[in-house]
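So the structure is just underneath, and the comments pick up after that.
All heavy atoms count here, side chains included; hydrogens, waters and symmetry mates do not. Everything numeric in this text was worked out from a predicted model, so none of it was measured.
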Amino acid sequence: MPHVVFRKNGQAHEAEVGVRTNLVVRAGIKQFPFPYLKYECGMGKCSKCACLVRAGAQHLPPANWKEKKQLGERIDAGWRLACQLWIEHDIELEQDDAPAG
């Protein structure tokens, strides 16, 4: 099972998740630790769920067109939309309260 480390505002929240888990779905149903994840639409249209991938990016598929549209050059710096990721391997993500745009 994938191990997720989610960092927000200086705190680390960790959990194991099932293979092909979407963290925005878990946040929506209030499963720990992902209620801390900031998100809104869940469809790749708003970029509120943008996270910096600190570890595990090599296991993610390439950014899709929604991520490219919302994140632009930030993708090259390691940013991804959590709503577009289906976790299959260990990953470490970071999100802060700064505006996503």
Side-chain angles (χ1 to χ4, degrees):
M1 291 181 37
H3 182 82
V4 177
V5 177
F6 178 68
R7 298 186 183 280
K8 184 160 181 155
N9 299 326
Q11 294 185 330
H13 309 280
E14 300 185 42
E16 284 190 347
V17 299
V19 174
R20 299 226 12 100
T21 292
N22 181 285
L23 301 184
V24 170
V25 171
R26 282 189 65 132
I29 59 176
K30 308 294 187 225
Q31 289 185 342
F32 180 82
F34 307 108
Y36 299 104
L37 177 70
K38 180 174 56 176
Y39 69 97
E40 192 166 302
C41 76
M43 300 184 320
K45 294 181 179 181
C46 72
S47 76
K48 299 266 190 212
C49 66
C51 292
L52 181 60
V53 180
R54 292 283 183 192
Q58 72 273 20
H59 299 296
L60 296 175
N64 66 27
W65 69 270
K66 293 176 182 181
E67 291 179 287
K68 290 176 183 176
K69 180 179 178 183
Q70 292 299 325
L71 298 172
E73 293 180 9
R74 294 192 318 163
I75 290 171
D76 295 335
W79 289 86
R80 299 294 298 267
L81 297 180
C83 70
Q84 299 299 298
L85 302 179
W86 295 88
I87 307 301
E88 296 189 29
H89 299 277
D90 293 354
I91 193 166
E92 182 176 341
L93 302 170
E94 183 173 349
Q95 186 183 63
D96 59 28
D97 284 331

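For Met43, the side chain to side chain contact (heavy atoms under 4.5 Å, CB included) test picks out Cys41, Lys45, with sequence neighbours left out. Residues satisfying the side chain to side chain donor-acceptor pair (under 3.5 Å) test with Glu40, not counting sequence neighbours, are none.
The two atoms that bring Gln70 and Gly44 nearest to each other are CG-O, 3.3 Å, heavy atoms only. Of all heavy-atom pairs spanning Leu71 and Ala50, the tightest one is CD2-CB, 3.9 Å. Of all the heavy atoms in Gly18 and Pro2, the pair that sits closest is C-CD, 4.0 Å. Leu93 approaches Ile91 most closely through the heavy-atom pair CD2-CD1, 3.7 Å.
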For residues 75-86, run the donor-acceptor check on the side chains, cut-off 3.5 Å, and write out each pair with its distance to 0.1 Å, sequence neighbours left out.
from	atom 1	to	atom 2	distance (Å)
Arg80	NE	Glu67	OE1	3.4
Arg80	NE	Glu67	OE2	2.8
Arg80	NH1	Pro61	O	3.0
Arg80	NH2	Pro61	O	3.0
Arg80	NH2	Glu67	OE1	3.0
Gln84	OE1	Asn64	ND2	2.8

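Cluster membership check: Leu60 shares its hydrophobic cluster with Tyr39, using side-chain heavy-atom separations under 4.5 Å among Ile, Leu, Val, Met, Phe, Trp and Tyr. Under the 4.5 Å side-chain heavy-atom criterion for Ile, Leu, Val, Met, Phe, Trp and Tyr, Val17 and Val5 are members of distinct hydrophobic clusters. Note on Leu37: it does not cluster hydrophobically with Val25, by side-chain heavy-atom contacts below 4.5 Å among ILVMFWY residues.
Proximity of a side-chain donor or acceptor of Lys8 to a complementary backbone N or O of Tyr36 within less than 3.5 Å is detected.
Gln95 places none of its side-chain heavy atoms less than 4.5 Å from the side chain of Arg7.
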Practice item. Just do the side chain to side chain contact (heavy atoms under 4.5 Å, CB included) check on Val4 and Thr21 with the steps written out, would you? Key: CA-CA 10 Å; Val4 177; Thr21 292; over 6 Å; no

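Rounding to the nearest 0.5 Å gives a distance of 8.0 Å between CG of Leu23 and CZ of Phe6. Distance CD/Glu16 to CG/Asp90: 8.0 Å, rounded to 0.5 Å.
Legend: side-chain hydrogen bond (donor to acceptor under 3.5 Å, both in side chains) pairs involving residues 54-63, not counting sequence neighbours, sorted by first then second residue: Arg54-Glu94.
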